[in-house]
Amino acid sequence: VKELLQRLTAVCGVSGREDEVRRMVEGLITPHVAAVETDALGNLIARKPGRGPRLMLVAHLDEVGLLVTEVDERGFLRFLPVGQGVPAWQLVGARVVFPGGAQGVVGQEKVEEIKELRPARLFLDVGAAGAEAARAFSGGTGAMASFAPSFALTGRRVIAKALDDRAGCALLIRLLQEVKEVPNDLVTVFSVQAEVGQRGARTAAYRLRPAMAVAVDATPSGDTPEAGRRTVALGQGPGIKVMDQGLIAHPKVRDLLLETAEREGLPHQREVSERGSTDAAAVQVQWEGIPSGAVSLPCRYIRSAGEMMDLDDLEGAYRLLRALVLTPLAERV
Ligand SMILES: [Zn+2]
């Protein structure tokens with residue numbers, strides 16, 4: 001999965017501009033699925049038909065980034081963060097890249113205190129001498145940049161931008177590649193615009209109307225010095241979602257995941273997050289309600305240029321998802 005992560009985190013896919021990463025995923029899964037399609041919003045949907053109820057797995061293609069709002073006469077770009085929960089201080093000094101290949105670095109105005117450091121006090125410097133060159137480099141107002149690729153392995157840990165949620169995508173790609181026959185009607189969604197409010201997952205769930213859904217997404221870990229209160233740590237296995245800001249995991253889905261992990265002898269962690277959510281939050285309220293849960297991938301420095309995950313956690317998450325996909329759901333949902 002390392003090679004896959006390196007490839008997937010090398011491309012751009014800021015919310016609403018997921019074309020490049022979608023094309024890459026499509027190329028990787030098409031030979032292994034019965035059908036693959038892209039819907040109106042850009043969600044990539046792959047199917048492996050089976051006799052049982054429809055099971056939807058979802059991981060998001062998009063990543064946080066920057067949207068250029070204006071270009072000043074000296075060639076500095078003002079921007080808005082794309083994606084919820086990107087603190088301004090986390091952007092300072094970050095190297096970013098535009099789809100056309102132009103690069104830049106985020107600078108800040110002089111501030112007295114860190115709480116003054118709002119996105120409005122930051123700017124993007126693409127090395128242009130004036131407004132015209134800056135527009136030509138970047139694309140000007142409306143252009144989107146992502147963090148520059150930063151993939152690295154250190155022991156059993158991986159560091160890269162956009163591990164949230166390319167790691168989830170990598171696990172679903174591997175599932176589609178390696179699992180041949182499925183007892184349930186498996187639909188796999190690589191969703192768009194999750195970082196701006198789970199917009200893609202909402203329309204995909206409406207279209208697919210699954211009997212049950214599981215999101216596979218990153219979650220902030222709480223195992224760094226003086227971290228806030230968090231329930232998961234790196235290296236302790238995948239998280240099984242209990243609750244977050246947008247979802248109380250459906251008890252049947254949560255228990256099915258817990259039982260599956262126990263049956264398979266997989267280390268795992270019960271995950272409760274006060275902030276943030278996943279695509280499962282949007283899926284659960286489609287139609288008359290869709291039982292939903294999530295497998296969470298513990299992540300340090302989430303939504304930064306250098307997110308960190310544990311390869312053993314990812315392997316555990318893969319084995320959990322594989323066991324779930326191979327469990328006949330007929331009498332469960
Ligand atoms: Zn995510």
Side-chain angles (χ1 to χ4, degrees), residues 1 4-5 8-9 11-18 21-22 25 41-44 56-66 81-87 90 144 146-147 150 158-173 188-202 204-205 213-222 230-232 234 238-247 249 269 271-284 292-310 313-314 317-318 321:
V1 83
L4 199 48
L5 282 176
L8 290 168
T9 59
V11 291
C12 267
V14 180
S15 309
R17 296 281 182 281
E18 298 91 352
V21 59
R22 182 176 54 243
V25 174
L41 286 193
N43 296 300
L44 183 69
M56 171 175 162
L57 299 182
V58 55
H60 64 87
L61 290 169
D62 61 311
E63 67 191 286
V64 298
L66 313 177
V82 179
Q84 296 158 347
V86 186
Q90 199 159 281
M144 283 182 176
S146 67
F147 292 127
S150 59
V158 55
I159 302 170
K161 64 103 175 171
L163 284 176
D164 174 10
D165 188 24
R166 302 290 155 74
C169 293
L171 299 182
L172 297 192
I173 291 166
T188 306
V189 177
F190 298 88
S191 65
V192 294
Q193 300 191 41
E195 294 288 6
V196 289
Q198 298 104 29
R199 295 171 190 170
R202 190 168 310 167
V214 174
V216 185
D217 205 345
T219 198
S221 73
R230 297 281 188 185
T231 55
V232 298
L234 258 63
I240 293 174
K241 179 82 74 189
V242 176
M243 191 183 88
D244 61 31
Q245 207 174 7
L247 173 83
Q269 319 178 59
E271 187 240 332
V272 181
S273 287
E274 288 173 51
R275 305 279 305 277
S277 200
T278 73
D279 279 341
V283 173
Q284 66 172 338
S292 300
V295 171
S296 299
L297 311 173
C299 182
R300 289 181 187 163
Y301 325 115
I302 196 164
R303 299 181 198 93
S304 79
E307 300 177 330
M308 182 186 283
M309 286 186 179
D310 185 285
D313 291 344
L314 297 181
Y318 175 74
L321 290 166

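Just so you know, these numbers come straight off a predicted model, no measurement behind them. Ligands are counted one by one from 1 in listed order, and the atoms in each one are counted from 1 as well.
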Any N/O/S of D217 under 2.8 Å from the Zn ion (ligand 1)? yes
Starting at CG of L171, measure out to CG of L57 and round the result to the nearest 0.5 Å. 10.5 Å
Using modelled atom types only, decide if a donor and an acceptor are shared between the side chain of R202 and the backbone of G197 within a distance under 3.5 Å. yes
Has the side chain of N43 got a donor or acceptor atom that lies under 3.5 Å from a matching backbone atom of G200? yes
Among the N/O/S atoms of D164, the Zn ion (ligand 1) lies closest to OD1
Would you compute the distance between atom OG of S146 and atom CG of D62 and round it to the nearest 0.5 angstrom? 11.5 Å
By atom name, which N, O or S atom of H60 is the nearest to the Zn ion (ligand 1)? NE2
